[in-house]
Amino acid sequence: MSDRRLLITGGAGFIGVHLARRLTEDGSTRVTLVDDFSRGRHDPELDDLAASAAVEVVTGDLTERDAWTAIGDGFDGVYHLAAMLGVKHVLNRPHEVIRVNALTTLNMLEWAATGGARKVLFS
């Protein structure tokens, strides 16, 4: 049985996948990866990771509060990596970048404060 239960937002990204791999190596941690998959790339490393019984992959738009409700609560911690990134996005859609990044963070903080997670790492 797992000792820790962790959530990684933006979990399908490079950092999220590698962080999840590292966190589940010892066999005592279960990880839920949440992503909206807007990046548009399919990552075989994510498929390999998702095959593990210690990893759950969830699709969700974290700008929506309902997505946080669907994730559930009682996590020991959350690594909040979800963000709209890239110079192209910042230059072409600056308002959308700020909206997405602010809403995902605000929703995560409200979720964590009401029992979603005991600890938060925001990056």
Side-chain angles (χ1 to χ4, degrees):
M1 191 65 167
S2 299
D3 297 326
R4 291 188 305 168
R5 185 172 169 232
L6 302 172
L7 175 70
I8 302 175
T9 68
F14 179 84
I15 295 172
V17 167
H18 289 85
L19 176 61
R21 181 177 291 130
R22 173 63 181 97
L23 290 170
T24 57
E25 280 179 351
D26 67 1
S28 67
T29 302
R30 274 185 314 164
V31 174
T32 299
L33 305 175
V34 179
D35 208 291
D36 68 358
F37 296 93
S38 61
R39 183 171 75 124
R41 284 189 293 197
H42 183 77
D43 188 350
E45 289 184 324
L46 177 61
D47 291 339
D48 292 343
L49 186 62
S52 167
V55 177
E56 176 186 15
V57 178
V58 176
T59 301
D61 178 354
L62 298 178
T63 65
E64 301 291 333
R65 289 184 186 195
D66 290 346
W68 291 95
T69 302
I71 290 168
D73 57 15
F75 285 85
D76 295 301
V78 57
Y79 291 86
H80 184 54
L81 308 175
M84 188 176 214
L85 303 172
V87 173
K88 178 178 82 173
H89 294 303
V90 171
L91 292 176
N92 296 333
R93 301 167 39 200
H95 295 90
E96 182 68 4
V97 170
I98 293 169
R99 185 189 77 77
V100 167
N101 294 347
L103 281 175
T104 60
T105 302
L106 288 171
N107 288 340
M108 181 274 300
L109 290 171
E110 288 178 4
W111 168 83
T114 59
R118 294 183 322 148
K119 294 181 181 181
V120 171
L121 181 126
F122 170 66
S123 176

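There is a path of hydrophobic side-chain contacts, each under 4.5 Å, that joins V78 to L109. Both L19 and V31 are part of a single hydrophobic cluster, where members link through side-chain heavy atoms under 4.5 Å apart. Cluster annotation: M84 is connected to V90 through the hydrophobic network of ILVMFWY side chains, with a link wherever side-chain heavy atoms come within less than 4.5 Å. Hydrophobic clustering, with ILVMFWY side chains joined whenever heavy atoms are under 4.5 angstrom apart, groups I8 together with F37. Linking Ile, Leu, Val, Met, Phe, Trp and Tyr residues whenever their side-chain heavy atoms come within less than 4.5 Å leaves M108 and L106 in two separate clusters.
Between A20 and L49 the shortest heavy-atom distance is CB-CD2, 3.5 Å. Taking both residues in full, the closest heavy atoms of G72 and W111 are given as O-NE1, 2.7 Å, listed atom of the first, atom of the second, then distance. What you find for L33 and G16 is that their closest heavy atoms are CD2-O, 4.3 Å. Closest approach of A82 to G10, counting heavy atoms only: CB-N, 3.6 Å. The nearest pair of heavy atoms linking L46 to G11 is CD1-O, 4.5 Å.
Without hydrogens or angle criteria, N101 side chain to A83 main chain gives no donor-acceptor distance under 3.5 Å.
Distance CD/E64 to CG/N107: 8.0 Å, rounded to 0.5 Å. Remark: R21 CZ to L23 CG distance equals 11.5 Å, nearest 0.5 Å. One finds the CZ atom of R93 at 9.5 Å from the CZ atom of R99 (value rounded to the nearest 0.5 Å).
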Report task. Check step by step if side-chain contact (heavy atoms from CB on, under 4.5 Å) holds for L7 and V34. Result -> CA-CA 8 Å; L7 175 70; V34 179; 3.4 Å; yes
**Report entry** side-chain contact (heavy atoms from CB on, under 4.5 Å) between I15 and Y79, intermediate numbers included
**Finding:** CA-CA 10 Å; I15 295 172; Y79 291 86; over 6 Å; no
Report task. Start with the C-alpha distance between T24 and V55, add both sets of side-chain angles, then the distance that settles side-chain contact (heavy atoms from CB on, under 4.5 Å), and finish with yes or no. Result -> CA-CA 8 Å; T24 57; V55 177; 4.1 Å; yes
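Using a 4.5 Å cut-off on side-chain heavy atoms (C-beta onward), L6 and T29 make contact. Using a 4.5 Å heavy-atom cutoff, the side chains of T9 and T104 are not in contact.
Remark: of the listed residues V100, D36, D35, I71, I71 is the sole one forming a side-chain contact (heavy atoms from CB on, under 4.5 Å) with L62.
The aromatic rings of H80 and F122 lie parallel to each other, their planes meeting at an angle below 30°, with 60° marking the opposite boundary.
Note on D76 versus R118: salt bridge recorded, some NZ/NE/NH1/NH2 to OD/OE distance being below 4.0 Å.
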